[in-house]
Q: 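Sending over a structure as structure tokens; questions will come in a sec.
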Amino acid sequence: MLDIKLIRENPDYVRQRLATRGAGDEELIQTILQNDERRRKTLAEVEALKAERNRVSKEIGALMAQKQTADAEARKKETRELGDRIAKLDKDAKAFELARDEVMLRLPNLPHETVPVGRSAEENVVVRTHGEKPEFAYQPKSHVELCENLKLVDFARAAKLSGSGFLLYTNWGAKLERTMIQFLLDLHTKEHGYTEVSPPFLVAPHCLEGVGQFPKFKDQYYGIAEGDDTSKLGHLYLIPTAETPVANIHREEILKETQLPIHYCAYTPCFRGEAGAAGVGTRGMIRVHQFDKVELIKIVKPEEGYDELEKMVANAERVLQLLGLHYRVVQLCTGDMGFASAKTYDIEVWSPGQGSYLEVSSVSNCEDFQARRMNLRFKTASGENRFPHVLNGSGTALARLFVALVETHQQADGSVKIPMPLRAFLGTDRISP
RNA sequence: GGAGAGAUGGCAGAGUGGUUUAAUGCACACGCCUGGAAAGCGUGAGUGGCUAAAACCCACCGGGGGUUCGAAUCCCCCUCUCUCCGCCA
């Protein structure tokens with residue numbers, strides 16, 4: 001959520017920055033300003049009336065105490081309709097506030113100045129690449145073929161269980177998946193200083209609202225009903241990312257400055273409806289309804305937000321470096337960034353089987369956009385309450401990492417060589433047919 | 001799922017309709033006292049809004065609604081916590 005004061009005092013600036021996203025949200029500013037103005041006017045009025053009422057009520061109390069009942073009754077009569085006017089104005093003010101906030105919640109974050117302006121992914125900027133595309137003396141196999149040959153994933157039976165877009169890892173595939181989770185958690189906790197947490201996989205809707213997934217993108221997530229009791233639909237949702245529960249851990253708190261920075265790291269499965277996304281490029285493991293991910297979350301002082309962002313990208317890159325994978329880091333342009341983000345880097349790993357790069361990580365600084373929605377603050381040494389920057393980044397998404405791993409390290413004999421850091425965890429240096 | 005109890009300021013804990021628009025204690029900050037400290041004494045201190053800032057003022061006693069001139073206090077609904085029972089990994 002943007003700062004209402006910023007919108008109030010500098011609406012043209014906000015319009016301009018929003019326009020760079022190409023979302024067409026600029027007109028909403030007018031609605032916000034209108035309702036905000038009405039609310040403030042009503043509030044001033046009703047507060048004066050309340051002051052009056054408080055004063056008179058106190059007088060009545062004093063009269064009653066002195067047993068001057070007749071006088072008290074007279075004063076009561078006088079003030080009777082004051083309450084009605086207050087009730088009405090209170091209601092109005094609340095309605096204006098609701099109308100204002102409803103629109104506020106649908107406004108995306110303002111892009112940071114350093115973000116290139118552009119309309120779509122085509123205008124993203126490659127910041128750096130690491131390593132070279134691996135070369136093969138033969139046509140490299142796709143992960144689907146490799147997984148089937150090596151019996152790492154049973155696509156057909158997964159569909160039998162849950163429909164398309166789900167995975168059944170088997171034998172070495174299951175072990176490899178588990179191994180990578182542990183490798184990632186160990187890396188980020190032992191070497192990068194993150195604190196491991198394991199959150200619920202179901203969350204209340206206010207958590208989705210807190211990070212900006214609600215209300216605008218409500219149709220993309222799985223809501224849960226208990227048994228056949230559909231009346232409880234909407235009380236809990238399957239998390240689309242660990243960001244949802246973990247970023248909300250300290251919602252509605254006022255942290256001590258000394259508690260910052262907070263660095264969390266969590267493994268969770270992620271559940272995504274991906275409505276309308278089915279069809280293109282969906283074969284295999286690249287776009288699925290459930291995948292594993294290790295997520296990084298930071299809560300930091302605003303002045304440290306962008307340093308922390310760069311560090312977080314480096315932490316995610318380290319994963320791919322250790323696994324011997326070729327990748328590039330892309331800075332998203334204004335038009336391609338997520339709703340809550342002010343600045344985002346994607347990390348894309350090379351997939352020899354697809355002949356293209358796959359997004360395995362997205363690292364964003366959401367500045368205070370989410371903190372406002374969550375009412376998450378910290379108290380400075382001078383006693384001031386401020387909103388911290390909240391960052392999130394994948395460290396990394398697993399299904400696609402799995403794809404890149406088996407495709408990159410496939411051998412001519414059909415086996416897959418296991419990168420060094422995983423061998424001790426997995427207990428083998430090679431998976432063979 | 002059933003029965004009961006509860007939710008008050010950082011913590012503890014008073015407060016069942018009006019000088020309580022939150023006592024008191026602990027912890028906290030500052031000052032006095034002291035050679036220094038402890039104790040003692042005094043002052044202050046929560047969150048949001050309003051304001052250029054402040055004062056004043058308004059709101060906030062789990063959340064929402066109601067009764068009343070006036071609600072932490074009475075009534076209704078909801079959420080959460082605790083205890084016991086049932087079921088259960």
Side-chain angles (χ1 to χ4, degrees), chain A residues 1-10 32-33 35-102 104 198-210 224-229 231-237 245 248-260 368 371-388:
Chain A
M1 191 147 62
L2 301 178
D3 185 356
I4 182 63
K5 282 182 185 156
L6 178 66
I7 299 178
R8 200 143 65 199
E9 285 158 21
N10 225 334
I32 293 171
L33 287 173
N35 282 299
D36 184 54
E37 182 54 33
R38 287 179 186 148
R39 171 177 171 271
R40 282 153 64 82
K41 226 179 123 195
T42 311
L43 228 44
E45 214 176 316
V46 75
E47 281 186 8
L49 292 178
K50 280 179 179 175
E52 169 75 2
R53 180 181 70 182
N54 287 345
R55 216 182 34 111
V56 175
S57 290
K58 219 167 192 174
E59 280 174 27
I60 293 174
L63 289 173
M64 302 274 283
Q66 293 162 36
K67 308 263 188 228
Q68 300 183 22
T69 326
D71 286 355
E73 285 305 321
R75 300 295 270 145
K76 278 194 202 177
K77 216 168 162 186
E78 263 174 55
T79 353
R80 198 150 291 164
E81 62 71 78
L82 199 56
D84 294 341
R85 282 167 63 199
I86 290 173
K88 187 194 167 293
L89 289 175
D90 256 344
K91 219 174 223 172
D92 289 350
K94 190 83 191 228
F96 292 138
E97 185 180 337
L98 275 173
R100 181 193 70 181
D101 291 348
E102 197 195 338
M104 294 266 288
S198 179
F201 302 161
L202 297 175
V203 292
H206 61 242
C207 289
L208 290 129
E209 187 179 290
I224 295 297
E226 199 179 334
D228 289 333
D229 188 358
S231 71
K232 287 199 173 162
L233 250 180
H235 289 214
L236 287 172
Y237 290 81
N248 275 285
I249 287 175
H250 298 288
R251 73 186 341 266
E252 283 154 44
E253 291 183 23
I254 301 176
L255 301 167
K256 295 192 186 93
E257 191 171 17
T258 53
Q259 286 177 268
L260 302 181
D368 58 12
R372 278 178 204 290
R373 291 175 161 244
M374 297 186 285
N375 199 21
L376 162 63
R377 291 163 294 173
F378 73 98
K379 192 181 283 293
T380 63
S382 59
E384 185 194 1
N385 289 332
R386 298 183 66 194
F387 292 107

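So you know, we letter chains A, B, ... as the sequences are listed, proteins then strands, and number each from 1.
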Q: Rounded off to whole Å, could you give me the CD-to-C1' distance for the A/E52 and B/C58 pair?
A: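 Taking CD of A/E52 and C1' of B/C58, I get 14 Å after rounding.
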Q: In whole Å, what separates the C1' atom of B/G10 from that of B/G46?
A: 9 Å
Q: Report yes if the side chains of A/V56 and A/E78 come closer than 4.5 Å at any heavy-atom pair, otherwise no.
A: no
Q: In terms of side-chain heavy atoms of A/K50, which of B/C58, B/U47, B/C69 is nearest?
A: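 Among the listed nucleotides, the one closest to the side chain of A/K50 is B/C58.
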Q: Over all strands shown, is A/R85 touching base, sugar-phosphate only, or nothing at heavy-atom distances under 4.0 angstrom?
A: nothing
Q: When the distance from CE of A/M64 to P of B/A71 is rounded to whole Å, what number comes out?
A: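 Checked: the CE to P distance equals 14 Å.
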Q: Do side-chain atoms of A/R251 reach the backbone of A/H206 as a donor and acceptor pair under 3.5 angstrom?
A: yes
Q: Quantified in whole Å, what is the C1' atom distance between nucleotide B/U68 and nucleotide B/A7?
A: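 About 25 Å, rounded to a whole number of Å.
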Q: Do the side chains of A/D368 and A/R386 get close enough for a salt bridge, i.e. N-O under 4.0 angstrom?
A: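 Not counted as a salt bridge, because no side-chain N and carboxylate O are separated by less than 4.0 Å.
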Q: Pick the P atom in B/C41 and in B/U24, then give their distance to the nearest Å.
A: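 One P to the other, the span is 13 Å.
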Q: Considering only the P atoms, how many Å lie between B/G65 and B/A55, rounded to the nearest integer?
A: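 After rounding to an integer number of Å, I get 29 Å for this pair.
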Q: Take the protein atom CD of A/Q259 and the nucleotide atom P of B/G10, then report the distance between them rounded to whole Å.
A: 14 Å
Q: May I ask you to decide whether A/R55 forms a salt bridge with A/E52, counting only side-chain N to carboxylate O separations under 4.0 Å?
A: yes
Q: Measure from CZ on A/R40 to C1' on B/C50 and round the result to the nearest Å.
A: 8 Å
Q: How do A/H235 and A/R377 order along RNA chain B: which one's closest nucleotide is nearer the 5' end?
A: A/R377
Q: When the C1' atoms of B/G40 and B/C58 are compared, how many Å lie between them, rounded to an integer?
A: 39 Å
Q: Using the C1' atom in both, what is the distance from B/C33 to B/G42, to the nearest Å?
A: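 Per the computed distance, 11 Å lies between those C1' atoms.
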Q: Sort out the partner of B/G10 for me: Watson-Crick or G-U wobble, both distances under 3.5 Å, none otherwise.
A: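 WC or wobble partner is B/C26.
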Q: Round to a whole Å and report the spacing from CD1 of A/I60 to P of B/U68.
A: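 These atoms are roughly 14 Å apart.
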Q: Among B/C69, B/G48, B/G49, which is the nearest nucleotide to the side chain of A/N385?
A: B/G48
Q: Just name whichever nucleotide pairs with B/C87, Watson-Crick or G-U, keeping both distances under 3.5 Å, else none.
A: none
Q: With no angle test and no hydrogens, is the base of B/U21 tied to the side chain of A/N54 by a donor-acceptor pair under 3.5 Å?
A: yes
Q: Could you pick out which residue, A/I254 or A/A51, lies toward the 5' side of RNA chain B when each is mapped onto its nearest nucleotide?
A: A/I254
Q: Within the structure shown, what part of the strands sits under 4.0 Å from A/K379 by heavy-atom distance: base, sugar-phosphate, or nothing?
A: sugar-phosphate
Q: Nearest whole angstrom, please: distance from the C1' of B/C50 to the CG of A/L43.
A: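 Atom-to-atom, A/L43 to B/C50, this comes out as 9 Å.
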Q: Considering only the P atoms, how many Å lie between B/C30 and B/A37, rounded to the nearest integer?
A: 12 Å
Q: Give none if B/A54 has no partner; otherwise give the nucleotide forming a Watson-Crick or G-U wobble pair with it, both distances under 3.5 Å.
A: none
Q: When you check the phosphate oxygens OP1 and OP2 of B/G18, does a side-chain N or O of A/R55 lie under 4.0 Å from one of them?
A: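 The answer is no; no side-chain N or O of A/R55 sits under 4.0 Å from OP1 or OP2.
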Q: Decide, yes or no, whether a salt bridge links A/K94 with A/E97 under the criterion of side-chain N to carboxylate O below 4.0 Å.
A: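 Answer for the salt bridge query: no.
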Q: Provide the Watson-Crick or G-U wobble partner of B/U21, both distances under 3.5 Å; none if there is no partner.
A: none
Q: Given that both distances must come in under 3.5 Å, which nucleotide forms a Watson-Crick or G-U wobble pair with B/A45?
A: none
Q: Rounded to whole angstrom units, what separation is found between the NZ atom of A/K77 and the P atom of B/C69?
A: 12 Å
Q: Could you tell me whether A/R80 contacts a base, only the sugar-phosphate backbone, or nothing, with contacts defined as non-hydrogen atoms closer than 4.0 Å?
A: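 The answer is sugar-phosphate, as A/R80 gets under 4.0 Å only of primed atoms, P, OP1 or OP2.
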Q: If we only count heavy atoms from C-beta on, is the A/M104 to A/R372 side-chain gap below 4.5 Å?
A: no
Q: Would you mind pulling out the nucleotide paired to B/G40, Watson-Crick or G-U wobble, both distances under 3.5 Å?
A: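 Result: B/C32.
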Q: When the distance from CZ of A/R53 to P of B/A59 is rounded to whole Å, what number comes out?
A: 7 Å
Q: Which one, B/C58, B/U21, B/C50, comes nearest to the side chain of A/K58?
A: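 Given the options B/C58, B/U21, B/C50, the side chain of A/K58 is closest to B/U21.
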Q: Can you check whether A/I4 reaches A/R100 side chain to side chain, under 4.5 Å on heavy atoms?
A: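 Side-chain contact under 4.5 Å: yes.
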Q: Determine the Euclidean distance between corresponding P atoms of B/A72 and B/U20; express it in Å to zero decimal places.
A: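 It comes out at 14 Å once rounded to the nearest Å.
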Q: Write down the partner of B/A72 under the Watson-Crick or G-U wobble criteria, each distance required to be under 3.5 Å.
A: none
Q: Taking all atoms of both residues into account, what is the closest heavy-atom pair of A/L376 and A/P388, and its distance?
A: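 Smallest heavy-atom distance, with atoms named: O-CD, 3.1 Å.
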Q: Look through every strand shown and name the nucleotide pairing with B/A5 as Watson-Crick or G-U wobble, where both distances are under 3.5 Å.
A: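 Looking at the geometry, B/A5 pairs with B/U81.
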